[in-house]
Chemist: 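One structure, pasted below without further comment.
Atoms considered below: every heavy atom in the structure, side chains included; atoms not considered: hydrogens, waters and symmetry mates.
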Amino acid sequence: NPYALYAQHILKLAPLTPLHYESGAAEFGDFVHRALACWAKSDDPAACRQQRVQNFLNVIERLRLEEDLHPALTAWWRPRFRRVIESFLAWEKKKEPPAACAFERKGEWEMPPPFRFRLVARADRIERKADGTLVLIDYKTGQIENAKNVAAGESPQLALESLMARGGGFGPEFSGEVGEILYLRLMAKESSAAKPHEPYETTGVRGEALAKLLEETQAWLKDLVRGFLLDPSPRPYTAYATREGGDYHLLARTDEWRGG
């Protein structure tokens, strides 16, 4: 949407928070991401499980005070916070410890000429394995990505981050070939006796399937950038005219020119 792109990233306009705003799944997920990153900085993997859980809950309380969140909100979220960290520890226990790891890693990568397009991202977690290959991990507290969609390139987030890592976009210590991309769902909701679930859920791509995905993603990105930046042909807004809603929908004045 060109109107949303210009308003949000060029004019830096942000929608006002409604007076009767109610936090939802997105706010909870964002808070969990920040909490896990802060907790990882002081976490001691050698400590007992109970201590690590308590340390995470202490981080939650500290962030609540720093961000001035309403106590009732974190009280409502507290049982889910405990399930999230227990879910994370259950996943961590079954995997091989990485040689190096980074949380909430900021990165940027500029495509080579003639594209001159800069890709910017923040990776939830990057691991370097003992063999030198990288694993990119994205946390989910809600619905996890569909494995077929990821392999088909329909959920390109981690594939794009992989291209950045391969090009050194996340720094020299996390530069190299990506051996696996992984979406990790941390179970925030309590399971019922009728529908029990595992403490976590994963889906991802590796090996030849990942190599094929990255090759296709790179070709798709080049075509996309070439089309928008190097092709002077005008692009009418009609492709977006039927999409109602959105924070910047009114700026397009779609209802006026479409009905006139």
Chemist: Check for me, please, whether Met164 and Trp220 land in the same ILVMFWY cluster - side-chain distances under 4.5 Å, paths through other members count.
Modeler: yes
Chemist: Salt bridge check: are Arg34 and Glu67 linked by an N-O gap of less than 4.0 Å?
Modeler: yes
Chemist: To the nearest 0.5 Å, how far apart are CG in Leu36 and CG in Asp43?
Modeler: 10.0 Å
Chemist: For the side chain of Arg105 and the backbone of Ile126, is there at least one donor-acceptor N/O pair under 3.5 Å apart?
Modeler: no
Chemist: Only one of Leu136, Leu158, Asn146 clears side chain to side chain contact (heavy atoms under 4.5 Å, CB included) with Tyr183; which?
Modeler: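 Per the side chain to side chain contact (heavy atoms under 4.5 Å, CB included) rule, the option paired with Tyr183 is Leu158, out of Leu136, Leu158, Asn146.
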Chemist: Between the side chain of Asp124 and the main-chain N/O of Tyr139, is any donor-acceptor distance below 3.5 Å?
Modeler: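 Yes, Asp124 side chain to Tyr139 backbone: donor-acceptor pair under 3.5 Å.
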Chemist: Quick check: closest heavy atoms across Ala35 and Leu63, and the distance to 0.1 Å?
Modeler: CA-CD1, 3.6 Å
Chemist: How many angstroms lie between atom SG of Cys38 and atom CG of Asn58, to the nearest 0.5 angstrom?
Modeler: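 Answer for the SG-CG pair, Cys38 versus Asn58, is 13.0 Å.
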Chemist: Would you say Arg166 and Leu214 make side-chain contact, with heavy atoms under 4.5 Å?
Modeler: yes
Chemist: Which pair of heavy atoms, one from Ala147 and one from Thr203, lies closest together, and at what distance?
Modeler: CB-OG1, 3.0 Å
Chemist: Counting neighbours of CZ on Arg49 that are heavy atoms of other residues, nucleotides or ligands and sit closer than 6.0 Å, is the number greater than 12?
Modeler: yes
Chemist: Working to the nearest 0.5 angstrom, can you tell me the gap between Ser162 OG and Gln218 CD?
Modeler: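 Separation between the atoms: 11.5 Å.
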Chemist: Can you confirm whether more than 12 heavy atoms, excluding those of Glu208, are under 6.0 Å from its CD atom?
Modeler: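 Atom CD in Glu208 is not packed in, count stays at 12 or less.
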Chemist: Testing the basics here: between Val150 and Ser155, what is the closest heavy-atom pair and its distance to 0.1 Å?
Modeler: CG2-CB, 4.2 Å
Chemist: Should Val84 and Phe28 be marked as a side-chain contact (heavy atoms from CB on, under 4.5 Å) after you check the CA-CA gap, both sets of side-chain angles, and the distance that decides it?
Modeler: CA-CA 11 Å; Val84 162; Phe28 176 78; 4.2 Å; yes
Chemist: Which label fits Phe31 and Trp77: parallel for a plane angle under 30°, tilted from 30 to 60°, or perpendicular past 60°?
Modeler: tilted
Chemist: Arg62 vs Val59, test: side-chain contact (heavy atoms from CB on, under 4.5 Å). Steps then yes/no.
Modeler: CA-CA 5 Å; Arg62 177 168 60 82; Val59 168; 4.2 Å; yes
Chemist: I need the Tyr200 OH to Leu89 CG distance, nearest 0.5 Å.
Modeler: 12.0 Å
Chemist: Before giving the answer on side-chain contact (heavy atoms from CB on, under 4.5 Å), spell out for Ile85 and Arg52 the whole-Å C-alpha distance, their side-chain angles and the decisive distance to 0.1 Å.
Modeler: CA-CA 9 Å; Ile85 189 60; Arg52 297 181 73 189; over 6 Å; no
Chemist: Which atoms form the tightest heavy-atom contact between Leu210 and Val205, and what is the distance?
Modeler: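 Residues Leu210 and Val205, closest heavy atoms: N-CG1, 3.4 Å.
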Chemist: Hey, is the main chain of Ser175 close enough, under 3.5 Å, to the side chain of Arg128 for a donor-acceptor pair?
Modeler: yes
Chemist: side-chain contact (heavy atoms from CB on, under 4.5 Å) between Leu160 and Leu119: does it pass, once the steps are laid out?
Modeler: CA-CA 8 Å; Leu160 290 171; Leu119 200 60; 4.1 Å; yes
Chemist: Are Glu145 and Lys140 within salt-bridge range, i.e. N to O under 4.0 Å?
Modeler: yes
Chemist: Just one of Lys222, Met111, Arg226 clears the side chain to side chain contact (heavy atoms under 4.5 Å, CB included) bar with Phe117, so which one?
Modeler: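 It is Met111, the one option of Lys222, Met111, Arg226 that forms the side chain to side chain contact (heavy atoms under 4.5 Å, CB included) with Phe117.
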Chemist: Say whether, by atom type as modelled, one donor and one acceptor occur between the side chain of Lys12 and the main chain of His9 under 3.5 angstrom.
Modeler: yes
Chemist: Salt bridge or not between Lys212 and Glu215? Use side-chain N to carboxylate O under 4.0 Å.
Modeler: no
Chemist: Which atom pair, heavy atoms only, marks the closest approach of Ala123 to Glu161?
Modeler: CB-OE1, 3.6 Å
Chemist: Working to the nearest 0.5 angstrom, can you tell me the gap between Leu224 CG and Thr217 OG1?
Modeler: 11.5 Å
Chemist: If you round to the nearest 0.5 Å, how far is CD1 of Ile181 from CZ of Arg206?
Modeler: 11.0 Å
Chemist: Should Trp39 and Phe88 be marked as a ring-ring contact (aromatic ring centres under 6.0 Å, His included) after you check the CA-CA gap, both sets of side-chain angles, and the distance that decides it?
Modeler: CA-CA 12 Å; Trp39 169 76; Phe88 178 86; 5.6 Å; yes
Chemist: With side chain to side chain contact (heavy atoms under 4.5 Å, CB included) as the test, pick out the partner of Arg80 among Arg83, Arg78, Arg82.
Modeler: Arg83
Chemist: Nearest heavy-atom pair of Ala165 and Leu134: which atoms, and what distance?
Modeler: CB-CD1, 3.9 Å
Chemist: Hey, any chance Ile10 and Leu13 share a hydrophobic cluster, counting ILVMFWY side chains that come within less than 4.5 Å of each other, even indirectly?
Modeler: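 Yes; tracing contacts between hydrophobic side chains, which count when under 4.5 Å, links both residues.
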